[in-house]
Amino acid sequence: MHIEPFFVEQWMNAHETTATWNIAETCVHSLTLDELLELSGGADEVLRRLKETWLGYGDIVGSPRLRAAIAALYGERIGPDRVLTANGAIGANFLALYALVEPGRTVVSVQPTYQQLFSVPASLGADVRAVRLREEDGYLPDPDTLRAACDDRTSLIVLNNPNNPTGALIDEPLLREVVEVARERDAWLFCDEVYRRLEHEPGTTAPSVADLYEKGVSSGSMSKSYSLAGLRTGWVAGPPEIIQRCLDVRDYTTISAGVLDDALAAAALEHRDKILERSLEIVRGNLAVVDEWIAREPRLHYVRPRAGTIALVHYDHDLPSVDFCQDMFDLKGAFVMPGIAFGEEHSFRLGYASARPVLEGGLAAVSAYLRTLEG
Ligand SMILES: Cc1ncc(COP(=O)(O)O)c(C=O)c1O
């Protein structure tokens, strides 16, 4: 079996520990355990429960408490029995794709997106067809283009909403149109929804495919919106048949997710309003800083993200994105992700949800690098 090296993760691994200004990060500035305990309804109570935790494998499918807290993120269709915990969204995506992909059938995937979502199906023997999301469409999928990419062999359509790397947000009416495309082919619709609940417009929540479609499967995680990547807790939510298939795979890879991670994730989700309030304050405030910065940089432009922690910034210089990003890292210490990781040359992915001083220092370092290109 051949699997493409995962460019984004390899670039992160190679640079993140030595970067002066890490503005490639995709998580909202992570919480400390102390901060989590405070936000989760009081340190004493959470610590008391942790100390009483029995350190066996725990509930194999995830504790009832955590699964109920995850199910509460969805509508009526998704009860706790339609949720399976996993090792981060990366584990959840892998399980879901392993369960959903049929070798020899066609998988239609939007791109740009997180590479795992199309490289894993290809490695499993699917014929992967990319539907490019275009800047002029605000990086939103066109249902007719998706429809044209499907054929009799299409068994799965893959989305990522809100999108990595663009921060584009598919609203409910458009998502319902995409559901219709999947339904016409009786295909599964899988959506990586790790940036859900980080919508910048007050009162807006990204719809979930698991709520809108009987064959919709969603993945989520504690890493991005909830600032808790270190818990390595993610999940798959969807129809019982798929949850069972994921479990069949998971028995071979995971046995169970850690009981301490499970307990902390449950405490966090039970108090998610406070955590999300903090996250939204960070992403909304920081995006305003990015907006002003882009307006001051005549050779940069972007489609303003509507959700999440990241943006795809295009630069007007004739330099491949790997060279641009490596050179900028070496000269000015600013660490961003080359756009080529997403098939988008002359661009870089900016993570703007870090602590404000890191963001401001990082943007200043990018500007200093741009000045060197102008001679
Ligand atoms: C779209 C997307 N899916 C999944 C992941 C993996 O996240 P986790 O930390 O939950 O495994 C990432 C991380 O960058 C991501 O951007």
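Throughout, numbering of the chain's residues begins at 1 and tracks the sequence. Only a predicted model underlies this, so the values are computations on that prediction, with no experimental measurement involved. In each ligand, atom 1 is the first atom listed, and ligand 1 is the first ligand listed.
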Expected contact list for ligand 1 at under 4.0 angstrom, heavy-atom basis, is T26, G88, A89, I90, N93, Y114, N160, N164, D192, V194, Y195, S221, S223, K224, R232
Listed pairs under 3.5 Å, donor-acceptor, residues 333-340 side chains, sequence neighbours left out:
none

Salt bridge D81-R67, side-chain N to carboxylate O under 4.0 Å
no
Between H346 and H314, ring centroids under 6.0 Å
no
Are Y352 and E25 close enough that a side-chain donor and a side-chain acceptor fall under 3.5 Å?
no
Hydrophobic clusters join Ile, Leu, Val, Met, Phe, Trp and Tyr when side-chain heavy atoms are under 4.5 Å apart, directly or via other members; which others share one with V179?
V108, V110, V131, L133, Y139, L140, L146, I157, L159, I170, L174, L175, V178, V181, L189, V209, L212, Y213, V303, L312
List, by chain and number, the other hydrophobic cluster members for I310, where Ile, Leu, Val, Met, Phe, Trp and Tyr join if side-chain heavy atoms come within less than 4.5 Å, directly or indirectly.
V194, Y195
